[in-house]
Structure formats: C-alpha cells, structure tokens
Protein chains: 4
Amino acid sequence: MGAVKSKRMPRAVREQQMLDAAVRTFGQRGYMAASMDEIAELAGVSKPLVYLYLNSKEDLFTACIRREAAALTEAVRAGVHPDLPADRQLWEGLRAFFTHTARNPDGWAVLHLQARTHGEPFAAEFTAMREEIAALVTQLILAAAREAHRDPDLPEREVAGLAEALVGAAESLAAWANATPGVTARQAAATLMNFAWAGLGDLMAGRPWSPPEEPERAQAG
Amino acid sequence: MGAVKSKRMPRAVREQQMLDAAVRTFGQRGYMAASMDEIAELAGVSKPLVYLYLNSKEDLFTACIRREAAALTEAVRAGVHPDLPADRQLWEGLRAFFTHTARNPDGWAVLHLQARTHGEPFAAEFTAMREEIAALVTQLILAAAREAHRDPDLPEREVAGLAEALVGAAESLAAWANATPGVTARQAAATLMNFAWAGLGDLMAGRPWSPPEEPERAQAG
Amino acid sequence: MGAVKSKRMPRAVREQQMLDAAVRTFGQRGYMAASMDEIAELAGVSKPLVYLYLNSKEDLFTACIRREAAALTEAVRAGVHPDLPADRQLWEGLRAFFTHTARNPDGWAVLHLQARTHGEPFAAEFTAMREEIAALVTQLILAAAREAHRDPDLPEREVAGLAEALVGAAESLAAWANATPGVTARQAAATLMNFAWAGLGDLMAGRPWSPPEEPERAQAG
Amino acid sequence: MGAVKSKRMPRAVREQQMLDAAVRTFGQRGYMAASMDEIAELAGVSKPLVYLYLNSKEDLFTACIRREAAALTEAVRAGVHPDLPADRQLWEGLRAFFTHTARNPDGWAVLHLQARTHGEPFAAEFTAMREEIAALVTQLILAAAREAHRDPDLPEREVAGLAEALVGAAESLAAWANATPGVTARQAAATLMNFAWAGLGDLMAGRPWSPPEEPERAQAG
DNA sequence: CATGAATGAGAGTTCATTCAT
DNA sequence: CATGAATGAACTCTCATTCAT
C-alpha cells in the first residue's frame, strides 16, 4: 500500500520518505488523529526508525511544517520578478501560490489547517511563514503606491490588515479551487487579482483588471 | 468554576449548559485534546448524562458546530437591512460578523479552527454555513451590479470565487483582529470594506471607500 | 490465577487488592521488570482502573513502600514494651521484626531490595522508615548504657554506626531465615541477640546471652 | 568522556574496557535503566562489538557481577593473614572489605544493590560470593572458639547465622560509610569490630575491643 | 435521572538485538 | 572488526464509553 519496500537506504533518503508519509497523513487525518503507526507503515519503515530519525511526533510535525513552509515560500518567491510592475508581481506571485497549493494539497492542509490548530510551537512556525509572505505582499502594496505617485498615508496597521486580508482571501480561494473541479490555478489567481486590485466597486462598474496574455495557455474559451 | 450546580432542570437548559461547556473546551483545547471528563465537569453534570443527551463526542461536537454556525449566520443576517444600498449592506454585514466573532472567540475557534480540521463530518457542517454566508454575499454582489445598471457578464463561477475570496478575507481578518490588541470590530470591517469595495488599485490611487458616519458610537477620541 | 473476580467493589477495597498485587509483583519481579499489566491482572482489574486509583507506576510503588513500611514499623513497635529492660526490649523487637518479615516476604523484598535500588524518591521513603527503626534501636542502646550505670562517651556517630550495623545484621538475617528452611523467626532473633548483645568474644568464651523462657514454645531440644 | 578511542586492541583489553563501562553504568543507573547504547558509547566501542564479545545484556551483567565479586573476595582474602589471632584476622578482613568498597563504589553498587534485585540468575551469582565470604568468616569464628579453648556447642546452623549477621552488618555499614561524609574505612571497620567482638553488652559496660595501633597511617590529625 | 465503578482499544515511546556493508 | 540501518516486542499511560445501583 505504501512506498515500495526496499531495505538499507541512506538516512537522508529515508528521512524524506518519512516526511512525505507524515505530510500526507497529517494532512488527511489531522495532527492528533494521525498515528505514528500509520505514518511508519506508509513510509515503509518500522516505527522505531521514525523515532530514531525524528525524535517524537511533535518534532516530526514541526519538520513537516518547516519543509512545506519552505517549499511554498520558495515557490512564491521564485514566481515573482522584482523588475515587473507591482500588479504583475502580485499576479505572478498569486499564480505561483495557487499552482503550488493545487499540486501539493496535503502540504497545504498541513500548513493551513493543522499548523495553526495545534498549539503555539506549531502555530509559531506557520506564523513565521505567513509573515514572510505578508511582508512580500506589503512591499508590493507600497510599491504600488509609489507607482501611483502617492505617498500613502495609510498607517502601518492598516497596511498589515490589507495584507492579512489578501493572504486570507488567497488561502480561502486555494481551498475552494482545490475543492471545485475545473477551477485552475490561473483562474483562481485571476479572480483574486480582480478582487484585490480593481475591487468590487470597479468590477461592478465594468472596469476589471485584465491579466496579461500568455502564449503558453489560451484564456479565451 | 463551572456552572452553578442545581438539580432537576429542564432538558433544554441542561443541554445548553453542556454545549456552553463543550464550545469553551473545544475552542480552547481543540477537538481531540478536549476530554469528555473536562466538559462534563465544566458543565456541572455527570458524564453519563452528557452521553444520554448527546450520544457521543462526535455528536456533541457536531451540535456545537451547528449551534455556533447558526448563531453566527443569524448575527450576520440580522445586521443586514435589505433596503440599503449594496455597499451599506456589505458594511453592516461585516460589522456584524466581526462583532460576533470578537464577542464569541471560543465559538469562532470551534468553527474556524476545529470544524475544518477534523475530518469530513465536521468540515461539511462548516462548509454548509460558509456556503450560506457566501450565498448572501453573492446576492450582494449581484445587487451591486444591478445598482450599477450593468448586467455583469461575470460567469456564475467567477461570482462564487469573489464571494469565496471575500469570506476568506473576513475569516482571516477576524482571527487577526482577535489576536491584535487594539483592533476593534469596526476597524476590521473598515479595512476589509476598503479592500473589497475600492480594491488596492483605487486605494493606492487615493480613492478609498468611506464608511458612513454613525451616531451611535463616536469615532474621534 | 489471581484473586477471585468480582465486580463493583468499593474503592477502598479495590485499592487494597491492587496494593496486594503490586507488592507481590514488585517483590518478585523487581520494580522495573514488573509490568502494570501483570499487576492489574493479578489484582483482577483492568489497567485503567489501576491508573484511575493510583495515578502512575511511581505512585503505585510509593504507595506500596509506604504501606509496607508502616506495617513493619507498627509490628516492631507493637512488640516492644517500654517497661522491660533494654535487652528484653531488643529481644522482643527482633522477634517481631523477624516474624513480620517471614510472614510478609514480598513486602520485605519491596522494602529491602527494591525501594533502595530505584532512585531517590523511593529510597527516601525507605530511609525514613529505616531511620525510625534505627532511632528506636539507638534509644535502646542508650537505655542499656544507663542500666549499666555508665554515661557512654560514645560519640553520636559511633552510636549511629552501631545502630546501622544492628539493622543491617537484622536485614541480612531476615533474608537468610526466609531462604533457609527450618529457621524460625525465634531462632533468627536469638542468633542476632547473641551476636549483638554478647558479642563474638563473649560467645566464644561461653557466655551467651540467654533468651527468656516462654511458655508457648519450648526451647530445649 | 569515555575511554580513549584507539583501534585494534587485543580482545582481553577491549573486554575489560567494556566491563569497566558496564560496571559504571549499571552501578549508577541500575540494571534495567542502563542502556546498551550508553555502555557501548562509554566503552568507546560500537554496539555490535559488545554483543560479539558478551552476547547479551544479561551475560554482560553477569560478567560484571562475577568480576566485581572476584575482586572483592580477593581483596578480603589478601587482607587476612592466617597466622594472626582470630580477632586480628577479622579486623584485617573488615578493613580490606571497607577499603575496597569505598574505592570501588560502582562495583559495590552492582553487587549490593543491583545483583540481588533483578532475579535469580544474578542473585545466585551474588549469593555465591556471599557464601564464600561467609565461609571465611565461619572459619574465623571457629578459630576463635579454638583459641578460647572451647569446643563450642554452637550448632553448625548457629555459626552460619552468626556469619550471616556479621556479613550483613558489614554490607550495611559499607553503604552507610560511603554515604556519610567523613567516615573512613578504618572507622567503619572499628565500629563493626567493636560491635561484633565485644557486643553491645560489653560495649555498654565499658569494655570495648581495641584496634591494634598501626605504624603505616597516623591517626592524630 | 445521577453516580461511582469499570474497561477495550489504542496512543506514543523505548530498547535489546541483528544484519549488510 | 566497525558501523549505520533497521526492527519486534513491550511498556506506561489515556480516553471515550458503559453498566449497576
């Protein structure tokens, strides 16, 4: 049922197998309902080996969070090109985000659902990642203000709130896109981009933000 | 510490005491870490009575989710007056939402953190509430379109995505507002209203949406 | 195999059954080798009940030590009549000691072998009992000195050493008497009394201490 | 921290290193709490080598007991000179005993605390040593009787009991001396010699046994 | 109804022990 | 020989759940 069983692998490889199994199990069952037995079996190893390499359920969970957080952050960062205008940067970042979460739903569940829900040590790991991304977004918002030749008199907390709202909307749309068949990462990104950049008011007034045409995948149906 | 112990109360009252205790315990400890012992003690009743009335931990948790979901939905619905213009309706709905979640943090934690995190049966309950609120928001968006004298060529799914984004942003800001000292429900609502209605683009261009003045609570300190 | 299984007993009774089983198991297997499973089975209850009543293996062990220490101390104290001369008091105390340890070998093993061997918390319990008995013996030694009309210029530490030696000899003889078939408590007491009171020197010189004749059991063969 | 690591040592040497580490670990942690990992690390060898040389934890423990028992027996035997009068022989033997146990506390803990406490196979090893020493003491008692020109009508079992008592008192005093700062081996031996030879009766009557003056170590500070 | 007594099932964790290299 | 990789079996402890009274 789990990975193909093969003996005597170097530690680093086994550890990744374990983390794979753990992310999947934590993501699907939840932190507390996931049992070390199940994780070990899915990883194709015995339980003592899991403990030998990763010490405890808490440490294993933390390792999962760290790995997934790093992967997600890296994916988003890789998508953003700092030379582009602010709206294009946001667009690229969102696309990377939705693509990554769609391809890695268990990892996303670990971060989004499990890490926050099970106490400080884990929530702190998640918060660290969230703040890193929120900082990115905040930079974007300020850059957009500069591009609009305005020194935004928005107080710092207001900007933080906006970033929070944007990240929350993205998180929510990621879950929605994963759960709704036929919604692509690109479409989710477009929806959010419209929402965030133009605002409902402009949208309703017929002034949507328009995504740049890309050669690789046609948008018009 | 728990409810005042008194004998022979009608079943409905006892049940509410149990749900109160359960919501508090689930909200603070989490679903799995909460023990039936603790809930029974906090409710001031014996454990077998909890089982007599609510059958099992799962059923008890489901009952909590249902009650809190109904209360939140009702609060939002009560805040919205269908005669107002769309943006005012949204504004009132958001205010009601942030006020309710701020006053009822354990209930909100049960919904936002616990219900989604512990498997299908519970997540479905949460999703039902979410969709009810999203439907409300969808109506608002369509109403806004009508007010703008435009038949929006936005496909149904696009509107659903916008509603999803708005709800997600609200959820995220509720947690942020609860966790950040000094942020009131009104401020959270204003931040989100700005973000949603005007959009980042307009905001950066210096065209924010402005909340209506209200007599009931002075803003200047 | 264990006690007759009967359900629904009052807590106090069940607790004693558990302690009985625990003393027997700890005494025979040793603290660490004894498993809670075995103790529970021998007590005729389920493991969770043991934990419900006695909290943990450590607490259970401590409870065993306390119970057995109290029983032994009480037995010795009950045997000693303060009105008798010092040598008779010592004689009675030793008889009580050997009788009790012979009738209760598992309890004695718990005290003598297990309590000292498994770390401070337990050793301290044992030491407390040991010091209580040593204090009794010390009083006896000083009383003997008074009876001999001498103010013993033995330093305090010397007296402590003598008490330690006497208690150690008694402990050793108790194990020996239990292990050697046909050695009665009375005989063990006589041997130790001779050794302690007369000393090897006097014994070899043909001047033994002679136990008082008792009606119940004839001494001469 | 452990032994200096160096390759290719003859088997006998490696084995002694392992036994050194094992005695130390068993003595300080106890048999069950001592882990083979810790012992191997302290010995500076790999775990499989420990198994190659010593087969199992049980065998390793048995080997420790045997080595320490032999060392202690040898030390006592070496201290006794058969030409001396009986009391002097006893005195020398006790001094050797207390000196050895004081210098080798871990080995003594293995014998005195661990060997007896963990089941028959080990207790038997300890008992064997104990009987060897007790036999030595028995000879001494009989020699003392001969010196007193008396054919003691003490039955064989009585003599065995006396030896047992003496050995037990010595064991107890060894632990006491090790645990009480400032008590030397010589003082412990003197206390026991007084107790055993003169008896409490003579001691209280002001007729102690007096240790011979020795040139080797000055007593006055 | 309310309660104390009781448990089946399973959780995380550790350890002595072995093999392939 | 030495080592890293690996495990079967056992342990302590917890919890949702149910009777008998």
Side-chain angles (χ1 to χ4, degrees), chain A residues 5-15 32-40 44-60, chain B residues 5 7-9 11 14 32-40 44-61, chain C residues 5-15 32-40 44-60, chain D residues 5 7-9 11 14 32-40 44-61:
Chain A
K5 205 165 189 173
S6 67
K7 309 218 152 187
R8 302 276 148 180
M9 319 201 30
R11 171 166 181 156
V13 177
R14 272 276 190 262
E15 261 189 37
M32 303 226 69
S35 85
M36 295 298 272
D37 269 299
E38 189 180 354
I39 292 172
V45 299
S46 70
K47 228 183 340 171
L49 197 60
V50 179
Y51 278 90
L52 187 61
Y53 284 174
L54 287 134
N55 296 322
S56 71
K57 197 184 188 184
E58 290 204 1
D59 283 8
L60 173 56
Chain B
K5 203 168 186 173
K7 306 218 155 190
R8 299 280 153 181
M9 314 193 44
R11 169 163 180 158
R14 275 268 195 265
M32 302 232 67
S35 86
M36 295 297 273
D37 273 292
E38 188 179 357
I39 292 171
V45 300
S46 71
K47 224 183 343 171
L49 193 60
V50 178
Y51 279 89
L52 186 63
Y53 282 177
L54 288 134
N55 296 320
S56 72
K57 196 185 188 186
E58 291 204 1
D59 284 5
L60 173 56
F61 190 40
Chain C
K5 206 166 188 171
S6 67
K7 308 220 151 187
R8 303 273 148 180
M9 318 201 30
R11 172 166 182 156
V13 177
R14 272 276 190 263
E15 263 189 35
M32 303 226 68
S35 86
M36 295 298 272
D37 269 299
E38 189 179 355
I39 292 171
V45 299
S46 70
K47 228 186 334 175
L49 198 60
V50 179
Y51 278 91
L52 188 62
Y53 285 174
L54 288 134
N55 296 323
S56 71
K57 198 184 187 184
E58 290 203 1
D59 282 8
L60 174 56
Chain D
K5 203 169 186 174
K7 305 217 156 193
R8 299 279 152 183
M9 314 192 44
R11 169 161 181 157
R14 274 268 194 268
M32 304 233 64
S35 86
M36 295 297 274
D37 273 291
E38 188 178 357
I39 293 171
V45 301
S46 70
K47 224 181 344 168
L49 194 61
V50 178
Y51 279 90
L52 186 63
Y53 282 176
L54 288 134
N55 294 323
S56 71
K57 196 185 188 185
E58 291 203 0
D59 284 5
L60 173 56
F61 189 40

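We name chains A, B, ... by the order of the sequence lines, and we start the count at 1 in each one. All values below come from the heavy atoms of this structure, side chains included, with hydrogens, waters and symmetry mates left out.
Heavy-atom distances to DNA chain F give each of A:Leu49 and D:Leu49 a nearest nucleotide, and the one nearer the 5′ end belongs to D:Leu49. Toward the 5′ end of DNA chain E lies the nearest nucleotide of B:Leu52, the other residue of the pair B:Leu52 and D:Ser56 mapping further downstream.
When the side-chain nitrogen and oxygen atoms of A:Arg11 are compared with OP1 and OP2 of F:dG4, none of them lie within a distance under 4.0 Å. Within the 4.0 Å cut-off from OP1 or OP2 of F:dT7, at least one side-chain nitrogen or oxygen of A:Ser46 is found. Contact annotation: C:Tyr53 reaches the phosphate of E:dA6 (side-chain N/O to OP1 or OP2, under 4.0 Å). Considering only side-chain N and O atoms, D:Arg14 lies under 4.0 angstrom from the phosphate OP1 or OP2 of F:dA2. Taking side-chain N and O atoms only, A:Tyr51 has no distance below 4.0 Å to OP1 or OP2 of E:dT14.
Closest non-hydrogen pair, B:Ser56 versus B:Met36, comes out as C-CE, 4.3 Å. Taking all atoms of both residues into account, the shortest heavy-atom contact from C:Ser46 to C:Ala40 is C-CB, 4.0 Å. A pairwise comparison of heavy atoms in A:Leu52 and A:Arg11 identifies O-NH2, 4.3 Å as the closest pair.
Between the CG atom of C:Leu54 and the P atom of F:dT14 there is a distance of 13 Å, rounded to whole Å. Taking atom CD of residue D:Glu38 and atom C1' of nucleotide E:dT14, one finds them 14 Å apart after rounding to whole Å. Rounded to an integer number of Å, the gap from C:Glu15 CD to E:dG4 P is 15 Å.
Rounding to the nearest 0.5 angstrom, the gap separating the OH atom in D:Tyr53 from the CG atom in D:Asp59 is 16.0 Å. With values rounded to the nearest 0.5 angstrom, A:Lys47 atom NZ is found 11.0 Å from A:Ile39 atom CD1. Note: C:Tyr51 OH to C:Lys57 NZ = 8.0 Å, rounded to the nearest 0.5 Å.
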Nucleotides 9-11 of chain F: which of its N/O atoms have a protein N/O under 3.5 Å away?
none

Q: Treat a base pair as Watson-Crick or G-U wobble with both distances under 3.5 Å, then lay out DNA chain F in dot-bracket form, 5' to 3', with | for cross-strand pairs.
A: .||||||||||||||||||||
